[in-house]
Protein chains: 2
Amino acid sequence: MYTVKEIAQKTNLTEHTIRYYTDKGLVPNIQRDKYNNRLFDEESLNWLIRVKYLKDCGMSIKDVKHFVDLYLEGDSSIPLRYEIILKYREIAREQLEEATRRVEFMEEKAKRYHKIINQVISDNR
Amino acid sequence: MYTVKEIAQKTNLTEHTIRYYTDKGLVPNIQRDKYNNRLFDEESLNWLIRVKYLKDCGMSIKDVKHFVDLYLEGDSSIPLRYEIILKYREIAREQLEEATRRVEFMEEKAKRYHKIINQVISDNR
DNA sequence: GTCTTGACTTCGTGTTACTCGAAGGCACTA
DNA sequence: TAGTGCCTTCGAGTAACACGAAGTCAAGAC
């Protein structure tokens, strides 16, 4: 069983964010100890990781909550959950393309600045 | 010369966002026509694209503004601008790795759901 | 035994980056 | 001259945190 702090380190989320997510109901069946402290087991940790992936695909808190609720409804919601996953898989693929273009842009920029700076140095020799 | 609307289509930003960016000073030397409408030339359009790349690397409005101001200061700020670009090139590379992991996660998820659904269909045959 | 330290809690306000919509100016067309 | 369209400013609203205050509890120091 992990505390908020340990989970923060493991997931690279802030403690604030983890509390925010749990309060919003994004982690089902979250436990508390006798002092009311949040306690995460492996399953809760995995949920948080899943939530993070969905969020990073651009899914809103509200829609993640909806997805979690669908999961809690049981197997009958599987086809709908599959549809949602397919949609966000597509978004993830687009994000990958954009990220690739972004890296290319930044490398190009860096190369250009590097050239300019080296030019100035050789001019001064 | 392009209007806000045309630029919105070209850059895939909303008109609201474009006005917001120009008001924040992220596009230097933006022109206006006699009715006070914003007018973009190729250079302004290119600036907006650059701004978008920097923003997508996670640079805040404030820091983009700072970068634009450095540009307007002239060649003396080139070394500093280079440092900034190197920093965000690194961030862009990390984003690319994350995006890759995200796609893998979503494909894995999709595959699993697909399997479950097909399993149910064949069970019912 | 009390006192400090440390980790957690809730709760309310602050911040960023949009996002929206109202109210209005200007010109072109019917 | 009335309507349509495209732009303007400006102020309020929203999402997703981010932050800090104030409080609870327990374990170790003295």
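Note on naming: letters A, B, ... go to the chains in the order of the sequence lines (proteins, then strands), and numbering restarts at 1 for each one. The structure displayed is predicted, hence computed values, not measured ones.
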B/F67 CZ to B/L80 CG distance, which is reported to the nearest 0.5 Å: 9.0 Å
Donor-acceptor pair, side chain of A/T17 and main chain of A/L13, under 3.5 angstrom: no
Starting from B/L96, walk the hydrophobic network (Ile, Leu, Val, Met, Phe, Trp, Tyr; side-chain heavy atoms closer than 4.5 Å) and list everyone else you reach, by chain and number. A/L96, A/V103, B/V103
Output yes when A/R93 and A/E90 qualify as a salt bridge under the 4.0 Å nitrogen-oxygen rule, no when they do not. yes
Distance-only, no hydrogens or angles: does the B/Q95 side chain make a donor-acceptor pair with backbone N or O of B/D56 under 3.5 Å? yes
Residues forming a side chain to side chain donor-acceptor pair (under 3.5 Å) with A/S60, sequence neighbours excluded: none
Using the test salt bridge (Lys or Arg N to Asp or Glu O under 4.0 Å), find all partners of A/R38 that sit at least two apart in sequence or belong to another chain. A/D23
Using a cutoff of under 3.5 Å, can you pull out all pairs of nitrogen or oxygen atoms linking the protein to nucleotides 6-13 of chain C, with atom names and distances?
{"from": "C/dC8", "atom 1": "OP1", "to": "A/T3", "atom 2": "OG1", "distance (Å)": "2.9"}
{"from": "C/dC8", "atom 1": "O3'", "to": "A/N37", "atom 2": "OD1", "distance (Å)": "3.4"}
{"from": "C/dT9", "atom 1": "OP1", "to": "A/R38", "atom 2": "N", "distance (Å)": "2.7"}
{"from": "C/dT9", "atom 1": "OP1", "to": "A/R38", "atom 2": "NH1", "distance (Å)": "2.8"}
{"from": "C/dT9", "atom 1": "OP2", "to": "A/R19", "atom 2": "NE", "distance (Å)": "2.4"}
{"from": "C/dT9", "atom 1": "OP2", "to": "A/R19", "atom 2": "NH2", "distance (Å)": "3.2"}
{"from": "C/dT9", "atom 1": "OP2", "to": "A/R38", "atom 2": "NH1", "distance (Å)": "3.3"}
{"from": "C/dT9", "atom 1": "O5'", "to": "A/R38", "atom 2": "NH1", "distance (Å)": "3.3"}
{"from": "C/dT10", "atom 1": "OP1", "to": "A/R32", "atom 2": "NH1", "distance (Å)": "3.4"}
{"from": "C/dT10", "atom 1": "OP1", "to": "A/R32", "atom 2": "NH2", "distance (Å)": "3.3"}
{"from": "C/dT10", "atom 1": "OP2", "to": "A/R38", "atom 2": "NH1", "distance (Å)": "3.2"}
{"from": "C/dT10", "atom 1": "OP2", "to": "A/R38", "atom 2": "NH2", "distance (Å)": "2.7"}

My understanding is that only residues two or more places apart in sequence, or in another chain, count here; which of them pass salt bridge (Lys or Arg N to Asp or Glu O under 4.0 Å) with A/E97? none
Non-neighbouring partners of A/E15 that pass salt bridge (Lys or Arg N to Asp or Glu O under 4.0 Å), sequence neighbours left out: A/R19
Membership question, hydrophobic clusters at under 4.5 Å side-chain separation (ILVMFWY): are A/M1 and A/L48 in the same one? no
What salt bridge (charged side-chain N to carboxylate O under 4.0 Å, His left out) pairs are there with at least one residue in residues 59-86 of chain B, not counting sequence neighbours? B/K65-B/D69
Check residues 39-47 of chain A and write down every donor-acceptor pair under 3.5 Å in which the side-chain atom is one partner and the other belongs to a residue at least two apart or another chain.
{"from": "A/D41", "atom 1": "OD1", "to": "A/E43", "atom 2": "N", "distance (Å)": "3.3"}
{"from": "A/D41", "atom 1": "OD1", "to": "A/S44", "atom 2": "N", "distance (Å)": "2.9"}
{"from": "A/D41", "atom 1": "OD1", "to": "A/S44", "atom 2": "OG", "distance (Å)": "2.8"}
{"from": "A/E42", "atom 1": "OE2", "to": "A/Y2", "atom 2": "OH", "distance (Å)": "2.5"}
{"from": "A/N46", "atom 1": "ND2", "to": "A/E42", "atom 2": "O", "distance (Å)": "3.4"}

Can you check the B/Y20 OH to C/dT19 C1' distance for me, whole Å? 11 Å
Below 4.0 angstrom, which residues in residues 40-70 of chain B have at least one non-hydrogen atom near DNA chain D? none
Distance check needed: C/dC18 P versus B/I18 CD1, whole Å only. 12 Å
Which nucleotide span of DNA chain D, 5' end to 3' end, has atoms closer than 4.0 Å to non-hydrogen atoms of chain B? D/dC6 to D/dT9
Using the side chain to side chain donor-acceptor pair (under 3.5 Å) criterion, which residues pair with A/T100? Sequence neighbours excluded. none
Per nearest nucleotide of DNA chain D, the residue lying toward the 5' end, A/K34 or A/Y21, is A/Y21
Bracket notation of DNA chain C in which parentheses pair within the strand, [ ] cross earlier pairs, and | pairs with another strand (Watson-Crick or G-U, under 3.5 Å): ||||||||||||||||||||||||||||||
